[in-house]
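The next block holds one structure in the form of structure tokens; read it before the comments.
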Amino acid sequence: MARLRQLALVLALPVALLALCWLLLADSTSFYAPPLRRILAAFGPTWAPRWASEDASSIALLVIGYAGAVVAGVGLGIPLGARPRLRAVFEPALELFRAIPPPALVPAVKLVFGWGPATNVLVIVSGAVWPVLLNTIEGVRAIDEVLADTCRCYGITGARRLYVLVLRAASPQIITGMRQALSIAIILMVISDMMVGSSGLGFTILEFQRGFSIPEMWSGILLLGGLGVVLSLVFRGFEAVALRWYHGLRRPQRGDA
Amino acid sequence: MTPLLDVRHVRKVYDGHGRTVEAIRDLSFSCAPGELVCIVGPSGAGKTTLLKCVAGLLAPTGGEVVLGDVRVDGPPPGMAVVFQEYGRSLFPWLTAWDNVALPLRQRRTPPGELRRLVDGALGEVGLADVHAAYPWQLSGGMQQRVAIARAIAYEPRILLMDEPFAAVDAQTRADLEDLTRSLWRRHAMTILFVTHDIDEAVYMGQRVVILSASPTVVLEDLAIDLPGERDQLATRSTPRFAELRARVYARIQQAKQRSTT
């Protein structure tokens, strides 16, 4: 019962907004803002045949780029977080690179890597790596000293130390970084499709707009919104499992305060 | 008998931010195999610093710590440590069982042996039924029991305990003191037990090493000639207990006055 009420609470506003759009646009004769039912009607025929090619390729590039950003961010963040000297050397350069808006890199990357999917992936990685990297550094820096001493006393070193101490202790921060990186990666997926590709979701939406297929264009935008929602739900599920201990640990402390 | 642990003229000076602090001036004492030695001193006496030097977590500025016949220059194998901050020394993402099993897994203990040791250790500390609980689901006293179980499952030659019961309530503390003593007798371990509590030191130890305030030296190495079988009520109400307690107390007070004048 409580769960149902919660679900209703979550869905109330989106449903109301959709209904409002439906009503406001119902008799719309505007070419650019067609009735919602026409957009939804265009949805199936537009995307069903493209599912295998356009959507799948964009999503595959997104997954590869996002995974690359997470691996690179965590992989670089661990040594940088653990060693203050290394951090002192690299931090100014990292701050500089982070300040460059990733879409600005597209022309340069395109020159070097051409019009292929490598460019899309690189653009996604170059934007999504930062939140993961910076949060990993913070997480590794903040590892509890007593826990680290415990590992030293019991001779826990190497891969086991990495997995049992470093990655797990830093996981709340790493996962915060991954959540931010996910939304950046989706944005960059669309931008790189539009700027680089000759295929993909972003490219197809742009094509519809140029060809004045307005309901189809809107249906693509709806599809991207839906994709974002689905990915963030999947991510939430992952977070609930990976950080079960963390939320459990914090609950009584929050109660005290 | 040759000592198992020998602390020889250990000195520790902290150096940083333009000022040096001499935490420990000159400390020497030793532990025979199977002994339970308590280190007691006023707060700020560098007890934790000393324990970290013994554990190999901190390099002394001068002197040396010898375990067996090997000089300690990093955490030695066969040494287990129970920290005061139980909440920070257990891995919150591992269950109680996995916390106890972790050091054994690192040592590549065969699975059957591992299960026997972990189940046995948790049973001995009275936690046979909370294997699957996470540390944050347990009370403070139970968390410290898990830390003790982890130490005994490791089968150490020497167990270091750094004010292990300072953060639990009085009732739990008395239980844990008796638990530690019974484990010590059953396993014939060597225990070095650091505390700021004079009663606890006299009740627990076979010997009490009394430290001065910082910069720390050994004031007295006092043998506790109470019977081996101890009881929270009976032992603490004997005249001898009161005498020993008064003696340690006077020593520490004396040292405090000397350091303030």
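Chain A is the first sequence line, chain B the second, and so forth, proteins listed ahead of strands; every chain is numbered from 1.
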Interface moiety of A:Ala169 toward chain B, non-hydrogen atoms closer than 4.5 Å: both
Over all atoms of both residues, closest heavy-atom pair of B:Val81 and A:Tyr154: O-OH, 3.4 Å
Under 4.5 Å from any heavy atom of chain B - which part of A:Leu243: neither
Atom group of B:Phe91 that falls short of 4.5 Å from chain A, counting heavy atoms: both
Within 6.0 Å of CD in B:Gln171, more than 12 heavy atoms from elsewhere: no
Distance in Å, B:Arg150 CZ paired with A:Thr150 OG1, rounded so as to fall on 0.5 Å steps: 5.0 Å
Contact check, side chains of B:Tyr134 and A:Arg244, non-hydrogen atoms, under 4.5 Å: yes
Among the listed options B:Gln84, B:Arg88, B:Gln137, the residue most often paired with chain A at heavy-atom distances under 4.5 Å: B:Arg88
Non-hydrogen atoms of A:Arg152 and B:Pro75 that approach each other most closely: O-CB, 3.3 Å
Minimum side-chain heavy-atom gap A:Val164-B:Trp93 below 4.5 Å: yes
Heavy-atom proximity to chain A below 4.5 Å, by part of B:Arg107: neither
Region of B:Leu94 that comes under 4.5 Å of a non-hydrogen atom in chain A: side chain
For B:Leu57 against A:Cys153, the heavy-atom pair lying closest together: CD1-SG, 3.9 Å
Segment of A:Asp149 engaging chain B (4.5 angstrom heavy-atom cut-off): both
Heavy atoms of other groups near A:Gln6 CD, more than 12 under 6.0 Å: no
A:Thr157 side, atom OG1; B:Gln106 side, atom CD - distance, nearest 0.5 Å: 4.5 Å
More than 12 heavy atoms of other groups within 6.0 Å of B:Arg186 CZ: yes
A:Arg160 atom CZ, neighbour heavy-atom count above 12 within 6.0 Å: yes
Closest approach of A:Leu147 to B:Leu90 (non-hydrogen atoms, all atoms of both residues): CD1-O, 3.5 Å
CZ/A:Phe90: more than 12 non-hydrogen atoms of other groups inside 6.0 Å: no
Within 6.0 angstrom of B:Glu22 CD, more than 12 heavy atoms from elsewhere: yes
